[in-house]
Structures are given as structure tokens and as C-alpha cells.
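Down below is the structure, laid out as C-alpha cells.
We number each residue from 1, following the sequence as shown. These numbers come from the heavy atoms of this one structure, side chains and all, not from hydrogens, waters or symmetry mates. None of these values were measured; they are calculated from a predicted model.
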Amino acid sequence: MFRETPMARRVRFLARSSASALIAAFAVAASPALAQDEAAADDNVIVVTAQLREQNLQDVPLSISAVSGDLLEQRSQTNLTDIAAQMPNLLLQKNPAGQGNSVRVFIRGVGQSDQSPSVEPGVGTYIDDIYYGTVLGSAFDLTDLERVEVLRGPQGTLAGMNTLGGAIKLYSKKPQGEGGYVEVSLGNLGRRDIKASADFTIVPDAVFARVTGVTRNRDGHVTRYDYGCLNPNDPDVVSGALPSLASGGDCELGELGNQQMYAIRGSLRIAPVGSPLEINISGDYTKDTSETQASVLIASAESANAGSASPTDRSGLSIPYQGVAYDDRFVTYGPYRRANAVLNDPYASYANFYDPGVMYSAIGAPPGPPSGYIAGEPLGPFIAPSAAGAEAWGVSATIDYELSDNLALKSITGYRHMFSQTGSDNDHSPVVFIQDDSDYSHEQFSQELRLNAVLLDDKLDVVLGGFYYDASTRYNARIHTPFSGFCPADTPCFSFINDDTADLQSYAGFANVALAVTDRLTLEGGIRVSHEKKEYLYNRLNPDGNGDYLPLSNPGNPLTGFVGVYEETITDYRAVASYRVTDDIMVYGQFSTGFKGGGVAPRPYVYQQIRPFGAEKLQAYEIGFKADVLDRAVRLNGSVFHMEYEGYQGTPTTCLGLDDQPLPVTGGGIPGLCGQYLNIGDAQVRGFELETTIRPVAGLTIDGAMSLTDFEFTSINYPTTAIVVGANRPGIGEFKWSAGVQYEAWLGNDIGSLTPRVDVNYTPGYCGNFNCDPNVTVDNYTLVNARLTYRSADEDWSVALEATNLFDKFYYLNKFATFYVNGQPGRPREVAVTVRRRF
């Protein structure tokens with residue numbers, strides 16, 4: 001009897017789902033005509049620049065979603081992470097505590113979450129066409145935006161470096177010379193937002209300016225409690241092994257997941273009427289003093305791998321150094337909460353960010369296993385900050401010059417600087433398992449030149465260009481992890497300063513061509529050649545910053561001062577054929593490539609582990625359609641894709657030397673202590689995307705999307721447990737959908753309008769590891785948001801009542817597992833009122 005393999009089942013399901021989606025799409029397109037007024041039809045035109053020239057969204061032969069600033073407001077979306085709800089095959093959320101003020105971004109299952117400057121993003125983020133080169137500090141505020149474009153699939157020729165999964169592009173509003181607004185939002189959980197913008201003319205018909213400011217404040221949704229204060233009869237509290245730090249009667253130490261930020265942006269547009277020259281200059285500044293992102297303990301070392309094939313109780317690991325077991329008494333909610341626990345709260349944590357002084361200095365580094373290293377005097381107490389803020393600023397200049405009627409030159413110049421201090425008590429207990437105090441600084445300069453030409457009676461579009469990028473990132477952190485095993489257990493000494501710098505230079509040349517062969521058929525092609533070089537400097541210093549930290553840098557292991565180098569030249573290609581079946585329906589087929597840059601081992605324990613790893617590369621095949629039918633009352637866009645993923649970056653079981661042979665135990669080959677990334681395997685990714693906007697009658701808009709990502713590893717290049725052939729990628733969901741409906745009801749010429757809107761979005765769950773162990777599995781969840789907006793007849797005033805997570809659904813955004821399991825709970829229901837005055 002034939003037994004269907006898991007791969008075959010997934011292929012069959014994908015084919016059936018894709019076919020069903022496409023059949024449903026054309027069935028809708030063929031249904032009876034719906035009413036559509038002329039004004040709504042005009043609103044349906046969205047101009048994007050995904051192919052480096054202005055085009056109607058429906059004329060672009062690739063998978064792209066575009067959201068206007070007005071729609072972001074209607075959906076109550078204020079942060080870049082919010083847009084993921086309605087975007088097909090997009091995962092975009094803040095990283096768990098312990099990974100800094102950073103985000104994890106994946107499109108079609110391809111991306112990056114590691115915040116190390118050794119590792120490059122897998123999805124490119126752009127602000128006004130300027131690339132932002134790190135996942136740190138990239139949860140941007142969505143203030144004063146004209147639109148957001150999300151390009152799915154590799155964009156190697158169009159966008160360049162690190163757009164393996166796709167690109168997210170934010171475009172700010174340009175000065176127009178008049179207008180502005182003031183907006184205030186008040187809500188529960190201490191929400192207090194103020195936004196204001198002013199647009200004015202400096203020189204009539206020539207020079208215009210715009211200034212926008214915003215401040216956002218809201219309370220954290222996880223409360224930190226002092227365990228000793230709430231549990232005074234615990235024997236470890238009585239003995240003093242678990243200190244009490246709370247000074248108030250409520251036993252609260254603080255909160256996690258709050259927001260405290262302000263930002264200002266100014267822009268200047270020089271565009272004299274009749275002149276071929278336009279110059280746009282902008283500058284922005286952001287200050288974010290938010291505390292560590294929300295996180296809670298799901299399972300301690302007692303139950304971290306309960307339910308797995310080999311469950312073990314490791315709660316005693318902390319007894320030798322602190323005299324306290326790290327067990328489930330610190331769990332405040334869920335299946336491992338003890339029956340007699342004081343707290344039964346999913347939004348509570350016992351994180352105190354405090355080490356009472358169990359760590360020791362390291363004064364010797366003899367040969368042999370790490371546990372033989374010699375410990376010196378105690379280091380004393382260590383307090384990590386509760387912080388996940390950032391301070392960032394940038395300036396940019398875009399110059400457009402029309403050389404002739406069919407030739408234009410564009411220059412895009414940008415500089416950005418970001419500094420972020422982050423801290424965590426990652427184990428969420430008064431036991432000292434993982435704490436850190438990290439400073440990140442990133443600065444970058446980029447320059448891009450494009451020459452656009454329209455030739456052969458507007459039948460040929462050509463874009464030629466060059467790109468240069470120079471970035472420097474510093475990662476300066478106090479790493480404080482006594483359980484790591486350096487020095488004897490009763491005198492733990494794995495606490496040191498990690499002060500690394502990464503310098504990256506990249507430059508590229510590119511060309512993209514589109515030829516209208518006939519009125520219906522267009523052929524397009526592109527090529528980009530990129531060269532990258534990264535130099536990574538390692539420093540491992542004692543906790544006071546003086547002298548090398550001996551276990552990780554000594555005469556026999558000279559990590560400090562070692563420089564690792566990665567260098568590679570990569571060529572990307574794109575070929576597209578699009579055919580307009582009718583004036584309103586276009587079909588296309590595309591082949592494209594992209595890459596995510598390589599780097600150098602980010603966390604080596606010995607210098608022999610330092611070696612470069614190459615770029616991840618992707619070859620993608622896609623077919624799709626775009627349809628505006630029934631007098632443009634129905635918009636339906638869909639695509640099916642297959643991608644070949646080469647050189648997946650991951651950690652091998654045992655570190656390898658430059659000869660690809662396992663390092664000896666005495667030379668960095670200790671199992672479980674490998675800090676390398678290598679291109680450990682290959683994969684295939686398949687799926688589909690479908691989006692629709694329907695305007696059946698005047699004032700009523702219905703939008704929806706659905707998508708599927710099927711990610712499967714196909715081969716392993718080096719021995720590793722980081723991937724399993726035939727398995728999906730952990731941390732990535734599969735099927736996703738969303739739907740929204742709004743109706744603008746006109747109440748009368750003297751009254752105005754009332755617009756209710758409801759959005760529903762389903763986010764898929766995923767396995768946290770290849771065994772799908774229950775403690776690290778993230779469940780799917782469905783959220784409902786609602787908004788009711790009143791606008792005056794002249795639209796000068798508006799009042800909106802909004803509710804996010806309307807039904808107060810409890811869910812986890814993600815989970816992080818090591819000797820314990822913690823999770824990042826989503827925000828509970830929030831209600832707010834927003835008043836805006838336009839002028």
C-alpha cells in the first residue's frame with residue numbers, strides 16, 4: 001500500500017489551496033456587476049515606486065501590498081509591527097526580551113530575528129527609499145506617512161542587499177504648502193498620545209516645509225512583583241537567599257511592555273514651478289525610553305521540557321551558586337503554576353533584574369574543560385536595567401532633475417544614527433540565570449544614483465543606477481549568565497563585557513528594463529551586481545571593563561582584538577512577462593533572485609571558531625494576476641510562488657574549521673559551545689497570496705487577504721540539529737487571513753459623516769522546535785479591532801472611538817526556550833478616544 005509522505009501531503013494541500021483560491025478569485029470577477037461611484041473608483045488608484053518608477057499598483061507585475069496613511073489611521077495602526085495583521089505572509093513583531101529593542105521580520109517564511117551585528121536582516125526596511133540596515137530600533141512609528149509598500153519575494157535587482165524575503169518601504173508625506181492638524185488620543189492603560197503637523201509655504205510656488213511631532217505614552221501590560229514581598233513565608237525568603245526589594249505595600253517593582261517616546265520630523269521641498277529640479281530634504285529625531293518588552297515565565301527549569309520525548313527536571317542547577325532552586329514557584333499562570341501560588345495572573349512576572357552577588361571574577365584559564373577555570377573574588381551585586389528604548393536621528397536629501405522630456409536623474413543620500421540601551425532579566429525570577437545590560441549603536445551612510453529613461457515612443461523604460469552603503473555597529477553588553485558552566489558551580493564566573501564592532505561596506509550597480517512588446521504584452525528584466533565586505537572586531541573584557549576576560553581571551557585563546565572578515569560578490573537577476581488580458585485584468589510570470597549577506601561567527605568561545613559564513617540566496621518563481629473588474633468595484637490580486645532557498649544560516653552541532661572539518665575538543669570543538677553560523681542547509685518554500693478590495697455600494701468598503709507559506713528543509717550541508725530534512729522551519733506559521741469592513745454614512749450637509757469599521761485577523765500558530773514540544777508551541781489566535789469615526793461636514797473635526805483586541809483575547813506573540821520557557825503576551829483590550837482638528 002502506498003504511504004503518502006509529509007512532503008507529498010504538503011504539495012497536494014498547497015496545490016489544492018492555490019487552485020481553490022484562483023478559482024474563487026475568477027468566480028468573483030465573473031459575478032454580476034456591483035454599484036460603484038466615480039469618486040470611489042478614483043480612490044482605487046494607488047501609485048507605487050516598487051520598480052523604481054511611478055506606476056499604478058495594478059500595473060506592477062509582482063506581489064505587492066500598499067497601504068495609505070489614511071487606511072493606517074482607520075485601522076488604528078500606530079507602529080510598524082501593527083501592519084502585519086492585514087499583510088499576506090508577513091510576520092513582523094518585537095523580539096522576545098533578551099534580544100534588545102529589535103524586531104523579527106519574515107516574509108514568506110524568510111527573514112531574520114537575531115539582533116547581532118554579525119548577522120544581516122533578511123527583509124529590507126526602507127524609509128523614503130533609504131535602506132535601514134539593522135533589526136534594532138526598527139519598530140518605527142507610523143506618523144505622517146503617505147503610504148507603506150510591502151514587496152513579497154526576493155527583490156535582489158530592485159532593492160538590493162538583504163531583501164531575500166522581500167522589502168518594507170515607508171514613504172513620508174511631502175510638504176504641499178498648506179494645512180495641518182492637531183490630534184489627541186486618551187485611553188485605558190494610561191494611553192496619552194499627541195500628534196501635530198503643520199504644512200506651510202516659505203516661497204510661493206517654490207519652497208514648502210512641513211513639521212510633524214508626536215508623543216506616545218501607555219502603561220506596560222505586565223507587572224513585575226517582588227517574590228519575597230508576596231511570599232514572606234517561603235523558606236528561601238526567610239533565610240535571605242531570596243531578597244525582598246519592594247519598598248511599597250503593593251509589592252510591585254515596575255512594569256514591562258510600556259511605551260514612552262517622542263519624535264519630531266521636519267522636511268523641506270524645493271520645487272519651483274516650471275523648473276526641472278525638485279529637492280526634498282528631511283531630518284528626524286526620536287527618543288524612546290520604554291522599559292523592557294513584556295514577557296512572562298511559562299515554565300521554569302523544573303518543567304521547561306515537560307511533555308517532550310526526554311523530560312528532565314533541571315531546577316537544581318542554580319542550587320550550587322545561589323542556594324535556591326529555580327522551580328515552578330516563580331510561574332504565575334498556566335499549567336505549571338503551583339496550586340497554592342499567590343498569583344494567578346497571565347500578565348505578571350517575578351523578574352527583579354537583580355543579582356545579589358553570587359558571581360565571581362575569573363583570574364585564571366588553565367587548559368581543560370571550562371569547569372576547571374579558576375575563580376577569584378565575588379563581583380558584588382549587579383542590577384540590569386529594565387530598558388528597551390532607543391535614541392535615533394537621521395537626515396536625507398533626494399534630488400530629482402529632469403534632463404529632458406524622457407530622461408531623469410535621481411540622487412538619494414541618507415545618514416542615520418541609532419543608540420539603544422536594553423536590559424533583561426530573562427528568567428523572570430529572583431534566581432540569577434540570565435541578565436544583561438546591552439548598548440547598541442549603529443550609524444550608516446548611503447548614496448544611490450538612478451538614471452531613468454523612457455524611449456521608443458514610451459515603449460521602453462530603462463533604469464540604470466549605482467548604490468553605496470557604509471555602516472558601523474557596536475554591540476557593547478554585560479553578559480551575565482552563571483549557568484553557562486565556566487568555573488566551578490559554587491563559584492560561577494561567566495560574567496563579562498562583550499564589546500564588538502562590525503563595519504560593513506557594500507556597493508552595487510544595477511539595470512532594469514521594461515519593453516512594451518505590444519499594447520498587451522510587456523517584458524521586463526533586471527540585473528544587479530553587489531559586493532560586500534564586513535570586518536568584525538571581537539573584545540571580551542572583565543566586568544569592570546579593565547583587562548581581558550580570561551576564559552574567553554587569554555594567551556592561548558586570543559579572542560580580544562581578533563578581526564574576522566567576510567567578503568563576497570553576488571549577482572542577482574529578474575525576468576518578468578506580463579500580459580493584459582483585458583484593460584482591467586493582468587497576468588504575469590516572474591523569476592527573481594535575492595540574497596541576505598553573510599558575516600562572521602557572532603558568539604565564538606575560542607578564536608578557532610571565528611570563520612566567515614556566506615550569503616543566503618533565493619531563487620523564486622511566481623505567477624499571478626491583478627484584476628479590477630465590475631467597473632472597478634472589485635479588486636482582486638493573487639499569486640502562487642515556489643522558491644529555492646540556498647545556504648540557510650544556522651548553527652552546526654560542533655564548530656568547524658576553515659577546512660570544514662570538526663574542530664578538536666582542545667581547539668574549540670566542544671559540543672554545545674559553538675558560536676558559529678554556517679550555511680548549514682537548503683530549503684524549498686511554496687505558497688500563495690490573495691488580496692481583495694470590494695466596494696459594492698457608495699461608502700461601503702470590504703477588504704480581505706489570505707496566504708499560505710509552506711517551508712520545508714531539503715538538505716543539510718554540515719552536521720547539525722538546527723534543521724531537520726523534511727521538516728518545516730520552527731517559528732513560522734502557515735495559513736493566515738484577515739478581513740475588514742467599513743461604511744461611511746453621510747448624516748447630512750450640516751452634520752457630517754459616521755464611519756464604523758471592524759477588522760478581524762487570524763495569525764497562525766507554529767512549532768517552536770522540530771519536535772513541536774508543547775511548551776514551545778505558539779497557538780494561533782484571532783483578534784478583532786473596531787473603530788467608530790465621526791467627521792464634521794467640512795472635515796475639520798473628527799472624533800474616533802477605537803478598541804483593539806476587542807474581545808480581550810489572551811495570546812502569546814512568541815516564546816523563547818532554553819533552560820526555561822518564557823513568552824511575550826500580546827496586549828489586552830485597549831480602548832481610546834481620538835480627537836483631531838484639521839486646519
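Using modelled atom types, one finds no donor on one side chain facing an acceptor on the other under 3.5 Å when comparing Gln619 with Thr593. Remark: the Thr312 side chain and the Asn305 side chain contain an N/O donor-acceptor pair separated by less than 3.5 Å. Between the side chains of Asn426 and Tyr820, at least one donor N or O lies within less than 3.5 Å of an accepting N or O. Defined by atom type and a distance below 3.5 Å, a donor-acceptor pair is missing between the side-chain atoms of Asp682 and Thr714. In the model, Gln112 has a side-chain atom that pairs as donor or acceptor with a side-chain atom of Lys596 under 3.5 Å. Under 3.5 Å, the side chains of Glu644 and Gln684 contain a donor-acceptor pair of N or O atoms. Side-chain contact of Tyr566 with Glu568: a donor-acceptor pair under 3.5 Å is present, judged by distance alone. Counted by atom type alone, Tyr536 and Asp500 present one or more donor-acceptor pairs between their side chains at under 3.5 Å. Under the 3.5 Å distance criterion, with hydrogens and angles disregarded, a donor-acceptor pair is assigned to the side chains of Ser290 and Asp288. Side-chain contact of Asp355 with Gln435: a donor-acceptor pair under 3.5 Å is absent, judged by distance alone. Checked by atom type, the side-chain pair His531/Glu567 shows a donor-acceptor distance below 3.5 Å. Side-chain contact check for Gln155 and Thr163: no donor-acceptor pair (N or O, by modelled atom type) lies under 3.5 Å.
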ask   = Step by step, would you call Gln447 with Thr413 a side-chain hydrogen bond (donor to acceptor under 3.5 Å, both in side chains)?
value = CA-CA 5 Å; Gln447 174 64 55; Thr413 308; 2.4 Å; yes

Stepwise side chain to side chain contact (heavy atoms under 4.5 Å, CB included) test for Leu618 and Val110 = CA-CA 9 Å; Leu618 206 61; Val110 180; 4.3 Å; yes

task = Go through the steps to decide whether Thr134 and Tyr440 satisfy the test side chain to side chain contact (heavy atoms under 4.5 Å, CB included), and finish with yes or no.
result = CA-CA 11 Å; Thr134 174; Tyr440 296 89; over 6 Å; no

message = If you apply the rule side chain to side chain contact (heavy atoms under 4.5 Å, CB included), what do you find for Gln609 with Leu663, and how did you get there?
response = CA-CA 8 Å; Gln609 294 181 358; Leu663 294 172; 4.1 Å; yes

key: Check against side chain to side chain contact (heavy atoms under 4.5 Å, CB included), Ile527 and Thr571   = CA-CA 7 Å; Ile527 186 172; Thr571 302; 4.0 Å; yes

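The nearest pair of heavy atoms linking Gly667 to Gln608 is O-CB, 3.2 Å. Residues Arg108 and Arg152 share a closest heavy-atom pair of NE-CB, 3.8 Å. For Ala294 against Leu256, the heavy-atom pair with the smallest separation is CA-CB, 3.8 Å. Looking at every heavy atom in both residues, Asp660 comes nearest to Leu656 through O-CD1, 3.9 Å. Heavy-atom minimum distance, Leu550 versus Asn542: N-OD1, 4.5 Å. In this structure, Asn89 and Thr709 approach most closely via the heavy-atom pair OD1-OG1, 2.6 Å.
Classification of the Phe483-Phe433 ring pair by plane angle, with boundaries at 30° and 60°, yields parallel.
Taking 4.5 Å as the limit, every side-chain heavy atom of Lys534 sits out of range of all side-chain heavy atoms of Val565. Phe486 is not listed as a side-chain neighbour of Phe496, based on a closest heavy-atom distance of 4.5 Å or more. For the pair Tyr326/Asp427, a side-chain contact is recorded, criterion being any heavy-atom separation below 4.5 Å from C-beta on. A heavy-atom distance below 4.5 Å is found between the side chains of Asp114 and Arg603. When side chains are defined from C-beta on, Pro604 counts as touching Tyr538, because their heavy atoms get closer than 4.5 Å. In this structure the side chain of Gln421 reaches within 4.5 angstrom of the side chain of Asp437, judged on heavy atoms. At a threshold of 4.5 Å between non-hydrogen side-chain atoms, the residues Arg416 and Tyr132 count as touching. With contacts defined as side-chain heavy-atom distances shorter than 4.5 Å, the pair Asn814/Tyr766 qualifies.
With respect to Tyr126, the ring-ring contact (aromatic ring centres under 6.0 Å, His included) criterion is satisfied by exactly one of Phe467, Tyr469, Tyr131: Tyr131. Each of Ile723, Thr654, Ile680 was compared with Tyr718 under the side chain to side chain contact (heavy atoms under 4.5 Å, CB included) criterion, and only Ile680 meets it.
From Leu504, atom CG reaches atom CE of Met161 across 5.0 Å, with rounding to the nearest 0.5 Å. With rounding to the nearest 0.5 Å, the separation of CD in Gln824 from CD1 in Ile298 is 10.5 Å. Rounding to the nearest 0.5 Å gives a distance of 9.5 Å between CZ of Phe816 and OG of Ser295. Here Gln293 contributes atom CD and Gln93 contributes atom CD; the two are 11.0 Å apart, rounded to the nearest 0.5 Å. The distance from the CZ atom of Phe382 to the NE2 atom of His480 is 6.0 Å, given to the nearest 0.5 Å. Taken to the nearest 0.5 Å, the CG atom of Asp548 stands 8.5 Å off from the CG atom of Asn554.
Judged by distance alone, with hydrogens and angles left aside, the side-chain atoms of Thr651 form no donor-acceptor pair with the main-chain N or O of Tyr677 at under 3.5 Å. In this structure a side-chain-to-backbone donor-acceptor pair under 3.5 Å is present from Asn162 to Gly597. Looking only at distances, no side-chain donor or acceptor of Ser361 sits under 3.5 Å from a matching main-chain atom of Leu379. Here the side chain of Asn498 pairs no donor or acceptor atom with the backbone of Ala477 at under 3.5 angstrom. The main-chain N or O of Tyr607 is found under 3.5 Å from a side-chain atom of Asn557 such that the two form a donor-acceptor pair. Between the side chain of Lys815 and the backbone N or O of Thr777, at least one donor-acceptor pair lies under 3.5 Å. Side-chain atoms of Glu616 come within 3.5 Å of backbone N or O of Gln649 as a donor-acceptor pair. In this structure, the side chain of Thr157 does not engage the main chain of Asp572 through any donor-acceptor pair within 3.5 Å. Asn771 contributes no side-chain N or O that, together with a main-chain N or O of Asp773, makes up a donor-acceptor pair within less than 3.5 Å. A donor-acceptor contact shorter than 3.5 Å links the side chain of Ser553 to the backbone of Leu559.
Classification of Asp499 and Arg474 as a salt-bridged pair holds, one side-chain N sitting under 4.0 Å from a carboxylate O. In summary, Asp503 and Lys533 do not engage in a salt bridge, as defined by a charged side-chain N under 4.0 Å from a carboxylate O.
Remark: Thr653 pairs with Thr720, Thr721 by the side chain to side chain contact (heavy atoms under 4.5 Å, CB included) rule, at least two apart or across chains.
Checked against a 6.0 Å centroid threshold, the rings of Tyr415 and Trp393 count as neighbours.
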